[in-house]
Amino acid sequence: MTFGKGCHLHLIDGSAFIFRAFHALPPLTRKSDGLPIGAVSGFCNMLQKYVEDASGPDAPTHVAVIFDKGSHTFRNDMYDLYKANREEMPEALRPQMPLTRRATEAFNIACKELEGYEADDIIATLSVQARELGGRVTIISSDKDLMQLVGGGVEMLDAMKNRRIDVDGVREKFGVGPERVVDVQALAGDSVDNVPGAPGIGIKTAALLINEFGDLETLLDRAEEIKQPKRRQTLIEKRDQIELSKKLVQLDTNTPLDFTLDDLEVKEPDPDVLLPFLAEMEFRTLSKRIADKLGAEAPVIADTPVQAAGDDPAPEAVPFDASAYECVRDLETLEKWVAAIRDRGVVAVDTETTGLDEMTVDLVGISLSTAAGKACYIPLTHKTGASDDLFGGATLVEGQIPLDDALACLKPVLEDDAILKIGQNMKYDAKIFARYGVKVAPIDDTMLLSYALHAGLHGHGMDTLSERYLGHEPIPIKPLLGSGKSAITFDFVPIEEASAYAAEDADITWRLWETFKPQLHREKVTTVYETLERPMVPVLAEMEMAGVKVDREVLSRMSNAFAQKMAGLEAEIHELAGETFNVGSPKQLGEILFDKMSLPGGKRGKTGAYATGADVLEDLAAEGHDLPARVLDWRQLSKLKSTYTDALQDHINPETGRVHTSYIISGAATGRLASTDPNLQNIPVRSEEGRRIREAFVADEGKLLLSLDYSQIELRILAHMADLPAMKQAFAEGQDIHAATASEMFNVPLDQMTPEIRRQAKAINFGVIYGISGFGLARNLRIPRAEAQGFIDSYFERFPGIKDYMEETKAFAKEHGFVRTLFGRRVHTPEINAKGPRAGFAYRAAINAPIQGTAADIIRRAMIRMPAAIADLPAKMLLQVHDELIFEVDENAVDTVTARAREVMEGAADPAVHLNVKLVADAGQGRNWAEAH
DNA sequence: CTAGAGCGCTCG
DNA sequence: GTACGAGCGCTCTAGC
């Protein structure tokens, strides 16, 4: 059939399909030989789904899958940095690229690519040709670069979200019509493709400008007329760069194709070609399904696994469907769910609450899921009426199971040892349930599964995971709750909407569990998950619920004292400046220092503002300038007041009189915890004035605070891992490690050590842990770079194991894309093979991660064993600060607890790892944290 | 008013 | 252009 009026051309962006498939699926391999095949599998499934969906009245008459070919295109000739910061193709994906071409042909769909051109250019050319012949075009892609083609019978279809994008859709995305999209892109640039654009101008501003001036050329010609000085300057100065950007984003509609639209006519797949291909790939489920469709016999695929048995197949994709969720509004229905859970032995659980602070919020509803697509929501305390009316304006919505009845019904399964409860960030839900008298156990946590598998690759929030691994964008909570002043709490969300949202969360959690759990074995992180991640949940939940007592009076007094001092300093600063300004504004301060007073060294950062960091001000103060010296004092007080004495008071729980932080288990890529709301891991200690904040952290009456901290744990780990005999011996002899290092490096006997030499050695020791560089050390010690490099060279000479460790670690990271701690924790370093400064960052992070991560593993092991070790004593573990644990202990039991805790901490590496350096924990005690430290 | 970016500072 | 890993408060700007 000749292409013409009435024809409908579908153009599929093949690369997008492949990458989507690759990232959405676990790393599947072909059973017979282990060839990575996940992307091909996903690609075939997507093609199959496409073919099924594409039938019907709006079916295409012509279709092609378009691929990129080669990494060098004509755009690189215009701009050699085009797509320069693209990550390299993952190793597992490379061999799959040709297979996806074969797959396309096996489905009997035209498969097109052209050396030196991107798929987008071919798509552009074909779209224009089809339009000129009076046909319609649907581009199956979500790539915004293709939006310039929309209009005049050309539309886009985002296959993942199943959303059509027409001219209005483009307008929504870019603020201009398709014909002006390239103008907006030329201004806004694109960090993914490394299109420079105009710095400081994003899509919103670009659209505004284009709409005002009509098009890019007019805008650039009349740039003088722009009112905002910064924009005007940017557009005038960066004109060449903007014009180049336009050429980069403008698609080529005249690519030299060696085929015509007529060649793309839709053809039925040939079973004799397609089925053998699927058999070769060993896609059992898919070949069966397609064989049924084509009315042919499914090919027999031999089952010759090379991998361990118990290797689960990828979960079959069940589409997300909110209408399939059940809203449970009576006890009989809930009992049916409970029976189903008992039958299944496992359930995904999620709670909905009135806020985010587990210690104060109320339970609003519970959702459950027992299979992909099968989920329910149990509304419990949804209300209606005025949410701010404290006098009964809000009333409970009818048709909800009474809270106590529902909990009584669920409690037996939630506490049943034989039933696994899955959650996403289960610590949150477990704490909520605990407050309602339900002790949830045993558990799995999809957030922690992802963390064990993917630390360093991406975040582990549900939205990220769902989009990445399920290809599904969860219902956002924003539209339900609103924002700002008008925001409501979840109990005022209508049950219908709440139900769809909440049940979906449980459904997603279930599917993530199905996706991740089988991968633990394959990726060899089962032990990490089971001994370092999951057991942290109950331990941290206990610590967080215990909280630490904070004396409001102490903070309040300090706050007043700080305020007075600050007022005095502020007056002095204004006096010295000769005008009043906001001392807290780095921008205004910079202008005073470097413009008005013309002090030396005014360096501007990337936003054009002067840098006024402590290092800059210290240099100026050292030259005898009073104003920067006063500002430094003011800043210190300001920090202490706002972040600590003031903000901390707001975190005192009125019921407990204590501060309950929240630890994020998957917060740091290295295995460290992070503390939030409030962060109790950065309470001041280094300055005398700051340290006094710790006096406000107190023990309850009759008790003391006890602190144990690992002495030099990271250097000890380094000495072990890099095998540094001199350092190991110094530790064995209990020497001052920095002095010993200095002695070794500078040939100074210990009894002649000076503080200055020791200080330098200390800086170098830390530098090594951080992935040392001459530049970094020079800046830290404020010495010339060459001198710093000399220090490093002699360090490497005296401790040759260091160099080997660094080289081996780097090589391992480059080969595998991750590094490991002594306990097997993986920390991914995806940028290690990048180009430019990013590689440097990745390299230093790779050096540091095994050291910092091993220390994190060790204290986690100690924390997990601690509750049992002190169970019979009147003591509670309250806080962790990376290498320190803080307890609250009855006065008369302090010595016993110290001994027990020390034993656990010092033996925490055993028996999994035998360190050839001993671990030492120092202890301190007192009425408050300042005394105990 | 609200959201987000950037800066600066706190800790191990 | 750089030391590694985090969280949070303030200012400033853009946009509703």
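Reminder, nothing fancy here: chain letters follow the sequence lines and each chain counts from 1.
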Please table the atom pairs, donor to acceptor, closer than 3.5 Å between any side-chain atom in residues 585-593 of chain A and protein atoms at least two apart or in another chain.
unit_1, atom_1, unit_2, atom_2, d
Ser585(A), OG, Lys587(A), N, 3.4
Ser585(A), OG, Gln588(A), N, 3.1
Gln588(A), OE1, Asn582(A), N, 2.9

All N/O donor-acceptor pairs, side-chain side in residues 772-792 of chain A, below 3.5 Å, sequence neighbours left out:
unit_1, atom_1, unit_2, atom_2, d
Ser773(A), OG, Gly776(A), N, 3.0
Arg782(A), NH1, Asp619(A), OD1, 2.5
Arg782(A), NH2, Glu618(A), OE1, 3.4
Gln789(A), NE2, Asp793(A), OD1, 3.2

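- Here dT13(C) presents its C1' atom at 14 Å from CG of Leu208(A), a figure rounded to the nearest Å.
- The NZ-C1' distance, from Lys227(A) to dA14(C), rounds to 16 Å in whole Å.
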Inset, instruction - Can you check each nucleotide of nucleotides 7-12 of chain B against protein heavy atoms at under 4.0 Å and return B for base, S for sugar-phosphate only, - for none, in 5' to 3' order? - result: SBBBBB

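- Residue Asn582(A) is classed as a sugar-phosphate contact, given heavy-atom separations below 4.0 Å to backbone atoms only.
- Look at Lys587(A) and you'll find a side-chain N or O under 4.0 angstrom from OP1 or OP2 of dT13(C).
- Here His574(A) pairs with Phe581(A) under the ring pair (Phe, Tyr, Trp, His ring centres under 6.0 Å) rule; sequence neighbours left out.
- Using a 4.0 Å cutoff on non-hydrogen atoms, no part of residues 772-790 of chain A comes near DNA chain B.
- Asp677(A) comes within 4.0 angstrom of the backbone, heavy atoms only, and of no base.
- Salt bridge annotation for Glu688(A)-Arg691(A): present, with a cationic side-chain nitrogen under 4.0 angstrom from a carboxylate oxygen.
- As a whole-Å value, the separation of Arg838(A) CZ from dG1(C) P is 15 Å.
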Show me, pair by pair, the donor-acceptor contacts under 3.5 angstrom made by side chains of residues 667-677 of chain A, not counting sequence neighbours?
unit_1, atom_1, unit_2, atom_2, d
Thr670(A), OG1, Gln852(A), OE1, 2.7
Ser675(A), OG, Thr661(A), OG1, 2.8
Ser675(A), OG, Pro678(A), O, 3.3
Ser675(A), OG, Leu680(A), N, 2.8

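- Distance CZ (Phe581(A)) to C1' (dC10(C)): 15 Å, rounded to an integer number of Å.
- Looking at heavy-atom distances under 4.0 Å, Ala846(A) makes no contact with the nucleic acid at all.
- Atom OG of Ser559(A) sits about 9.0 Å away from atom CD1 of Ile693(A), to the nearest 0.5 Å.
- Arg902(A) places a side-chain N or O within 3.5 Å of a backbone atom of Ala921(A) that can act as its donor or acceptor partner.
- Comparing dC9(B) with dG1(C), their P atoms sit 22 Å apart, to the nearest whole Å.
- Nucleotide dT2(C) holds its C1' atom 14 Å from the CG atom of Asn848(A), rounded to whole Å.
- Candidate nucleotides dG7(C), dA6(C), dG15(C) were compared by shortest atom distance to the side chain of Thr676(A), and dG7(C) ranks first.
- If you take CG of Leu481(A) and C1' of dA3(B), they are 16 Å apart, rounded to a whole angstrom.
- Residue Gly771(A) is out of contact with every strand shown, counting any heavy-atom pair closer than 4.0 Å.
- Listed pair Ser483(A) / dA3(B) meets the phosphate criterion, a side-chain N or O lying under 4.0 Å from OP1 or OP2.
- Taking atom NZ of residue Lys204(A) and atom P of nucleotide dA3(B), one finds them 14 Å apart after rounding to whole Å.
- The side chain to side chain donor-acceptor pair (under 3.5 Å) test applied to His651(A) returns no partner, not counting sequence neighbours.
- With sequence neighbours excluded, the residues forming a side chain to side chain donor-acceptor pair (under 3.5 Å) with Asp595(A) are Tyr610(A), listed by chain and number.
- The interatomic distance linking His828(A) (NE2) with dG5(C) (C1') rounds to 17 Å, in whole Å.
- Residue contacts shown for Ala669(A) are limited to sugar-phosphate atoms, with no base heavy atom under 4.0 Å away.
- Not counting sequence neighbours, the partners of Lys596(A) by the salt bridge (Lys or Arg N to Asp or Glu O under 4.0 Å) test are Glu579(A).
- No engagement by Ser638(A) is indicated, since no non-hydrogen atom pair under 4.0 Å with the nucleic acid exists.
- Considering only side-chain N and O atoms, Arg844(A) lies under 4.0 angstrom from the phosphate OP1 or OP2 of dC4(C).
- Backbone-only engagement by Ala647(A) is indicated by non-hydrogen atom pairs under 4.0 Å involving sugar-phosphate atoms exclusively.
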